[in-house]
Asker: 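Before we start, here is the structure in question, set down as structure tokens.
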Amino acid sequence: PSIDHPFAATAAHQNPMQQQQQTQLPQTNIQPSQNRAIHRINLTSIRHNYNEVESSAAQQQCQVIVVVKADGYGHGAILTACHLVEHCGASAFAVATIEEGISLRRAFEEQFPHSPRVRILVLGAPVGYPVCFDTYLHNNIELMVSGPEVAASLAEWMKNHEERRKAEVEQVAEKMKSELMDEVALGDYRHPMRNGVVRQISTGRGEANEGILNEREGMMPPTPSEKYGCCNGKAISTINTTIASNEAISEESCAVPPTTSAVSQEAQNGGANDINSNPKHVTPSRLQTKYNAATLTNVTGDDLAREVRQILIGQRHATANATQAATEGNHMTTILEPAEECNGAICTSTNGSDVCAKKEVIATNAPATDTSDTTPLKKSEGETLFCGIEDAARTSRQRELRAIRLSQVEDEIGSTIETIRNVADGNNEPQIRKKLRWHALVDSGMGRLGFKTELDEHDFKPSHFQTMGTRNHLEDGVSDDSISSSEHSGVKDTVALIKELYDAEVHDGAPIEFYGMCTHMADANSISTYTHDQMERFRSLLHRVRSAGIAVPSISTDNSAALLTTSLTHFDPNAILAHDTRGYVRCGGAIYGQRPVFRQLRAVSTLSATVKHVAIIKQGESVGYDRAYVAPLDVRIATLTVGFADGYPRELGNGVGKVSIRGSVFPIAGNVCMDMLMVDLGPADDSAGTGDSVAVGDTAILWGPEETNVDECGDGLVSLAELAATLKTTQSALTCGLDKLRVQRQLVG
């Protein structure tokens with residue numbers, strides 16, 4: 001089945017609250033004809049590819065880090081990452097920027113609040129250091145130290161204890177304030193019973209899935225009493241049982257506010273008799289009249305009518321009691337609350353003298369008044385009169401929850417601001433126990449970022465490290481051979497830089513944690529020997545680091561191509577993973593099916609559009625801009641709802657690109673326009689061809705499998721790999737180029 005995933009339109013730059021709003025959208029079947037263009041993502045293929053990668057990684061004693069940078073190679077980083085965590089047990093992910101990492105972290109916290117912490121590593125060089133290190137630390141995101149300049153900045157950041165602590169508190173305060181204010185603004189009060197029912201309704205999947213939704217959030221499914229917004233199950237049961245046997249309130253009584261005479265009549269006749277007929281029923285208080293009324297989570301009209309009737313009866317009965325007490329000269333009127341537990345027992349008495357001490361007593365100073373039919377019911381201070389079913393359903397529960405939440409927001413924000421002030425003054429400093437995990441990126445031959453494997457005095461300037469403290473490595477029992485620093489030039493090589501940060505962690509208690517070394521393979525294929533050369537350089541540096549007394553917890557070297565090319569024998573787990581070092585592979589393209597040379601992988605992406613117009617073009621007439629296509633004979637032309645603004649390359653026009661419609665392949669006619677493109681369906685008089693049967697509303701496949709069962713249709717009649725090869729680019733360049741707002745993202749499988 002195909003569904004619209006709640007994170008379908010999520011991009012890396014979106015904030016967590018935008019992601020949260022998307023999770024609450026209903027999941028409905030979308031027909032292709034209702035959308036301009038659809039990017040269909042096959043989750044079955046993603047799971048299959050992940051299992052293939054995981055199996056290959058296990059053969060070299062490694063685990064998998066799933067790379068979801070660039071919004072998951074254009075497939076949706078958040079939606080695919082959450083799916084892999086839930087269905088495949090993925091526990092480590094890599095992104096390119098800190099912004100992508102924060103978005104992913106927020107999604108994991110929302111979707112899996114009770115699951116173990118999922119690792120997130122930023123592969124790209126940090127931007128805006130040393131300030132950005134506070135953001136890494138606060139969000140528990142691992143840092144890639146991409147060179148000596150970043151290492152120097154990290155060392156300086158460690159020394160600023162006070163600034164670091166203040167930054168951490170400010171980050172926490174800002175996050176708390178943002179979340180709380182967004183909750184109030186959006187009306188999402190984190191109410192367990194309300195959220196459960198609202199999400200159940202929004203998904204449109206009924207009671208069967210309500211337990212699943214609540215279980216994912218770490219909550220038990222709401223009880224029947226909770227569904228209807230009542231905290232006292234016995235009270236709501238009694239109310240419903242009592243009112244069910246009564247005569248329904250007329251439309252006239254619901255349309256206008258009740259009068260005093262109507263109240264008296266109701267109290268003397270049906271209303272009072274109905275209430276007193278059940279000894280367990282207790283008159284609701286004014287607070288309940290104001291708040292515990294109809295809720296937004298009722299699912300039937302009968303339930304709503306019953307609650308509204310109870311509001312009306314409660315108001316009339318309370319007014320009648322007040323009037324009677326005032327007439328008798330009694331200025332103290334007891335207002336009872338519904339049945340509830342008092343010291344373990346249920347208090348159900350309707351007699352004011354038997355009410356337990358905690359019942360609320362309200363002073364009434366109003367004199368006796370005439371209760372003729374012409375006197376309208378007065379509105380008491382702080383009390384809202386009943387104004388109709390729709391008004392009660394819309395405002396009662398919202399008003400209660402908003403008041404409670406606003407009060408909590410004020411208290412929590414005030415407490416947070418006070419904490420910040422205390423820290424700024426040096427009082428009551430919070431004990432920050434978190435550590436910033438960091439990895440050393442090694443440039444073994446990629447030539448982009450990273451520490452050099454050998455000392456090169458032209459690459460490092462002494463001034464970069466004047467602020468970094470040094471240790472006497474001989475006192476630590478480390479030989480001079482393992483650290484190739486030049487004492488004369490003052491230049492430190494990679495081992496010396498890593499050693500200084502490592503010593504600050506181990507000996508000085510710095511809030512950092514050295515977690516591993518990484519490198520990246522530049523030319524991993526079956527005919528190149530460059531991968532072996534890269535690995536030899538990396539292993540040489542790794543040996544020197546270990547000889548310097550530095551424990552290396554993890555190693556990450558292979559990408560998708562290096563892992564899956566079986567002819568490569570560069571990775572020796574017995575040599576590389578010694579000394580309790582764990583191995584990892586970083587794979588993204590393979591999981592998204594974008595490594596065509598590996599036939600065990602399945603295609604994931606399908607781009608489709610809709611036929612919106614079919615016309616016959618006479619011989620000699622042109623199609624599109626610049627008259628790039630001139631009909632050689634009478635031809636049938638179909639216009640599709642996709643163009644280069646959607647991410648379909650303009651270079652595929654004029655017959656370079658092809659599309660599949662009704663199982664046949666047709667060339668693109670003319671230039672690709674911004675919002676549409678045209679397809680040559682063949683001669684107009686060819687009634688036997690497939691082009692003659694193409695009609696408005698048909699689905700056109702621009703790349704990828706036509707069906708959701710990839711085993712049957714393979715890569716499709718127009719494969720993504722073929723288009724990428726035609727354009728001399730990569731598959732990821734095409735999928736990453738799709739516009740996230742114009743192209744509907746849809747999950748299948």
Asker: Salt bridge check, Arg537 against Asp533: does any charged N sit closer than 4.0 Å to a carboxylate O?
Answerer: no
Asker: Enter the distance from Glu505:CD to His507:NE2 here, rounded to the nearest 0.5 Å.
Answerer: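 Here the rounded value is 10.0 Å.
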Asker: If you define the side chain from C-beta out and look only at heavy atoms, does anything of Val64 sit under 4.5 Å from Glu54?
Answerer: yes
Asker: Any side-chain heavy atom of Ile65 within less than 4.5 Å of one from Phe93?
Answerer: no
Asker: Verify side chain to side chain contact (heavy atoms under 4.5 Å, CB included) between Glu52 and Arg47, making sure each step is shown before the conclusion.
Answerer: CA-CA 9 Å; Glu52 290 289 334; Arg47 294 194 300 271; over 6 Å; no
Asker: Aromatic ring centroids of Tyr515 and Trp438 under 6.0 Å?
Answerer: no
Asker: For the CZ atom of Arg106 and the OG atom of Ser103, what is their distance to the nearest 0.5 Å?
Answerer: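 Going from CZ on Arg106 over to OG on Ser103, the span is 8.5 Å.
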Asker: NE2 of His39 to CD1 of Ile41: how many Å apart, nearest 0.5 Å?
Answerer: 5.0 Å
Asker: Any side-chain heavy atom of Phe514 sitting closer than 4.5 Å to one from Val552?
Answerer: yes
Asker: Hey, are Thr735 and Gln594 close enough side-chain-wise for a donor-acceptor pair under 3.5 Å?
Answerer: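 The answer is yes; a qualifying pair exists.
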Asker: Within the side chain of Thr453, is there an N or O that forms a donor-acceptor pair under 3.5 Å with the backbone of Phe538?
Answerer: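 Not at all, since once roles are kept as given, no pair shorter than 3.5 Å links the two residues.
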Asker: Under the 3.5 angstrom rule, does the side chain of Asp71 hit a backbone N or O of Ala77 as a donor-acceptor pair?
Answerer: yes
Asker: Under 3.5 Å, is there a donor on one side chain and an acceptor on the other for Tyr592 and Thr80?
Answerer: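 Short answer, yes.
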Asker: Give the minimum heavy-atom separation between Arg539 and Asp572, together with the two atoms involved.
Answerer: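 Heavy atoms of Arg539 and Asp572 come nearest at NH1-CB, 4.4 Å.
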Asker: Does the side chain of Leu154 come within less than 4.5 Å of Val145's, by heavy atoms?
Answerer: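 They are in contact (side-chain heavy atoms under 4.5 Å apart), so the answer is yes.
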Asker: Is any side-chain heavy atom of Thr581 closer than 4.5 Å to a side-chain heavy atom of Ile576?
Answerer: no
Asker: Between Lys452 and Asp443, is the closest basic N to carboxylate O distance under 4.0 Å?
Answerer: yes
Asker: Does the side chain of Leu563 come within less than 4.5 Å of Val53's, by heavy atoms?
Answerer: yes
Asker: If we only count heavy atoms from C-beta on, is the Ser146 to Pro126 side-chain gap below 4.5 Å?
Answerer: yes
Asker: Going by atom types only, do His570 and Asp558 share a side-chain donor-acceptor pair under 3.5 Å?
Answerer: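 The answer is yes; a qualifying pair exists.
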Asker: Where do Leu501 and Ile512 come nearest, in terms of heavy atoms and distance?
Answerer: O-CD1, 3.5 Å
Asker: Please determine, by modelled atom types, if Arg745 and His75 share a side-chain donor-acceptor pair under 3.5 angstrom.
Answerer: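 No - no donor-acceptor pair under 3.5 Å links their side chains.
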Asker: Please report the shortest heavy-atom distance between Ile555 and Thr557, naming the atom on each side.
Answerer: CG2-CG2, 3.7 Å
Asker: Would you mind reporting whether Leu564 and Leu601 have side-chain heavy atoms less than 4.5 Å apart?
Answerer: yes
Asker: Going by atom types alone, do Ser556 and Arg586 pair a side-chain donor with an acceptor below 3.5 Å?
Answerer: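 Short answer, yes.
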Asker: Roughly how far apart are Thr531 OG1 and Met535 CE, rounded to 0.5 Å?
Answerer: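 Thr531 OG1 to Met535 CE: 8.5 Å, rounded to 0.5 Å.
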Asker: Do any N or O atoms from the side chain of Asp493 and from the backbone of Ala496 form a donor-acceptor pair under 3.5 angstrom?
Answerer: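 Side chain of Asp493 to backbone of Ala496, a donor-acceptor pair under 3.5 Å: yes, one is there.
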Asker: Looking only at atom types and distance, does a side-chain atom of Ser55 sit under 3.5 Å from a main-chain N or O of Asn51, one as donor and one as acceptor?
Answerer: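 Not at all, since once roles are kept as given, no pair shorter than 3.5 Å links the two residues.
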Asker: How long is the straight-line distance from NE2 of His138 back to CD1 of Ile102, given to the nearest 0.5 Å?
Answerer: 8.5 Å
Asker: Run the numbers on Ile98 and Cys132 for side chain to side chain contact (heavy atoms under 4.5 Å, CB included), then give the verdict.
Answerer: CA-CA 9 Å; Ile98 184 62; Cys132 68; 5.8 Å; no
Asker: Evaluate the criterion side chain to side chain contact (heavy atoms under 4.5 Å, CB included) for residue pair Leu143 and Phe133; output intermediate values, then yes/no.
Answerer: CA-CA 8 Å; Leu143 168 71; Phe133 297 151; 3.7 Å; yes
Asker: Grab the two heavy atoms, one from Ala548 and one from Val495, that are nearest each other, plus how far apart they are.
Answerer: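 Smallest interatomic distance, heavy atoms only, reads CB-CG1, 3.7 Å.
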Asker: Who are the side-chain hydrogen bond (donor to acceptor under 3.5 Å, both in side chains) partners of Ser444, not counting sequence neighbours?
Answerer: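 Here the qualifying residues are Thr519, Gln534.
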Asker: Check His439 against Ser554 and note the closest heavy-atom contact, atom names and distance.
Answerer: CE1-OG, 4.1 Å
Asker: Between Thr565 and Leu568 (side chain of the first, backbone of the second, donor and acceptor by atom type, cut-off under 3.5 Å), is there such a pair?
Answerer: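 Not confirmed, Thr565 side chain does not pair with Leu568 backbone.
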Asker: Main chain of Val604, side chain of Asn42: is a donor-acceptor contact present, judged purely on distance under 3.5 Å?
Answerer: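 No: the side chain of Asn42 does not pair with the backbone of Val604.
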Asker: Counting N and O atoms only, with roles assigned by atom type, does the side chain of Asn559 sit under 3.5 Å from a partner on the main chain of Val585, one being a donor and the other an acceptor?
Answerer: no
Asker: Does the Arg105 side chain pair with the main chain of Asn139, one donor and one acceptor, at a distance under 3.5 Å?
Answerer: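 Judged by distance alone, yes, a pair lies under 3.5 Å.
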Asker: Tell me, which pairs form a salt bridge (Lys or Arg N to Asp or Glu O under 4.0 Å) where one or both residues lie in residues 125-146, sequence neighbours left out?
Answerer: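 Those involving residues 125-146 are Arg119-Glu142, Glu142-Arg437.
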Asker: Which residues pass the salt bridge (Lys or Arg N to Asp or Glu O under 4.0 Å) test with Arg546, sequence neighbours left out?
Answerer: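 Listed in chain order: nothing, the list is empty.
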Asker: Check Arg117 with Glu109, please: is the shortest side-chain N to carboxylate O separation under 4.0 Å?
Answerer: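 Looking at Arg117 together with Glu109, the answer is yes, because their closest N to O distance falls below 4.0 Å.
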Asker: Under 3.5 Å, side chain of Gln111 to main-chain N/O of Ala107, donor-acceptor pair present?
Answerer: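 Judged by distance alone, no pair lies under 3.5 Å.
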Asker: Nearest 0.5 Å, what's the OH-CG distance between Tyr50 and Leu43?
Answerer: 15.0 Å
Asker: Which atoms form the tightest heavy-atom contact between Ala522 and Tyr530, and what is the distance?
Answerer: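 Of all heavy-atom pairs spanning Ala522 and Tyr530, the closest is CB-CE2, 4.1 Å.
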Asker: Looking only at atom types and distance, does a side-chain atom of Tyr129 sit under 3.5 Å from a main-chain N or O of Glu149, one as donor and one as acceptor?
Answerer: no
Asker: Working note: Val545 + Tyr502, criterion side chain to side chain contact (heavy atoms under 4.5 Å, CB included); need CA distance, chi angles, decisive distance, verdict.
Answerer: CA-CA 11 Å; Val545 169; Tyr502 181 78; over 6 Å; no
